Amino acid sequence: MNEDAPRPDPATEAFVAHRSLLFTVAYEILGSAVDAEDVLQETWLRWAGVDLAAVRDRRAYLVRIATRQALGRLRALSRRKESYVGPWPPEPLLTVPDVAEDVGLVESMSMAMMLVLETLAPTERAVFVLREVFGLGYEDIAAAVGKTPAAVRQIAHRARAHVAARRPRGAVSAAENRAALAAFQRALETGDLRNLLDLLAPDVVALSDGGGIKQAMPRPVVGAAAVARALAAGVAVFGPLVTVEPTLVNGHPALVMRADGAIDMVVAVRIDDGLVTGLYSVRNPEKLTRMERETAVSR
């Protein structure tokens, strides 16, 4: 270590110290790593002009800036989704293994939970994320979203009830996730779907995101019989063309499929009561850019 090297200025030091947190806040509000990185840049530009002497809590202040930028971007993102081809699952992140130690953060970042957050209005989503995931007080959240603390309490209550009715039922072990994904991998590698079909819930939903760039199911497929037919067709087409690797996406077990060495698809599952109720695949190459290197997330 070079003791003569100048220390970064206090603004830079605080921003760097909280960078991973700010990215995670923006990602959970947006579901898009690309947009979350843009929010970080916008946050830095505004933070660099702040009088630090007037800042009581630098972490809360930075989160406030990032949340405001994320909310503005989320409203623009909502308009883009209206013209998007097919379903819109979140952008998958290749995460470091030790993130699994933070159970609350990992639960909030699962593909299944992120899809639930997509059903909230923008302000509801920001309030839920800041309160339930990051533990901010109502005063700080109010300053971030431009509401009174009393209004934030009401929004938080409404958002909690909305999420509770839709979130995965009960804790799911990594072993259960891996077992379902192993059955999917066997189906791809051998063409034998029996083990996988035994794991499908009657009301299972399959989402496939090609973004209009790659071939994918244009709309959600619902029900075990319909999903089984879609899987059989997919295995026949993709099975001989891809190699399959287990990995960790958004802190949960997942599969990466490669064609000619390049990532072609990421697959994740939702499990309720021991059965697969959600099967999510992302093929849009614009959403797979964060799968080649690990992303640090924190709270």
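Side-chain atoms are counted along with the backbone in the values below, which use heavy atoms only and exclude waters and symmetry mates. It should be emphasised that the depicted structure is a prediction, and the values quoted were computed from it without experimental measurement.
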Arg186/Asp192 ion pair, N-O < 4.0 Å: no
Separation of Met111 CE from Tyr280 OH (nearest 0.5 Å): 8.5 Å
Within one Ile-Leu-Val-Met-Phe-Trp-Tyr cluster: Val282 and Val221, side-chain cutoff 4.5 Å: no
Ion pair check, Asp272 and Arg167, cut-off under 4.0 Å: no
Leu255: which of Val242, Val244, Thr247 passes side chain to side chain contact (heavy atoms under 4.5 Å, CB included): Val244
Basic-acidic side-chain contact under 4.0 Å: Lys287, Asp209: yes
Spatial distance of atom CG (Leu22) from atom CG (Leu40) [nearest 0.5 Å]: 6.0 Å
Candidates Tyr61, Trp47, Trp44, Phe23 - the one meeting ring pair (Phe, Tyr, Trp, His ring centres under 6.0 Å) with Phe15: Trp44
Test side chain to side chain contact (heavy atoms under 4.5 Å, CB included) applied to Pro122 - qualifying residues, sequence neighbours left out: Leu71, Leu74, Arg75
Donor on one side chain, acceptor on other, Glu28 and Ser108, under 3.5 Å: yes
Glu286 atom CD, over 12 foreign heavy atoms within 6.0 Å: no
CA sep, side-chain torsions, deciding dist, call: Glu37, Arg19, salt bridge (charged side-chain N to carboxylate O under 4.0 Å, His left out): CA-CA 10 Å; Glu37 288 288 357; Arg19 190 185 190 285; 3.0 Å; yes
Check: Gly251 main-chain N/O paired with Thr95 side-chain donor or acceptor under 3.5 Å: yes
Val129 reachable from Val99 in the ILVMFWY side-chain graph, under 4.5 Å edges: yes
Geometric cation-pi criterion Arg160 and Phe128, 6.0 Å radius, 45° cone: no
Rounded distance [0.5 Å steps], OG1 in Thr43 versus CZ in Arg68: 11.0 Å
Arg166/His162 under side chain to side chain donor-acceptor pair (under 3.5 Å): CA gap, chis, key distance, verdict: CA-CA 7 Å; Arg166 294 162 177 82; His162 181 98; 3.3 Å; yes
Under-4.0 Å salt bridge between Arg258 and Asp264: no
Glu294, CD atom: more than 12 neighbouring heavy atoms under 6.0 Å: yes
Leu279 and Val205: CA distance, side-chain angles, deciding distance, side chain to side chain contact (heavy atoms under 4.5 Å, CB included) verdict: CA-CA 6 Å; Leu279 186 62; Val205 177; over 6 Å; no
Carboxylate-amine/guanidinium contact Arg290 Glu91, below 4.0 Å: no
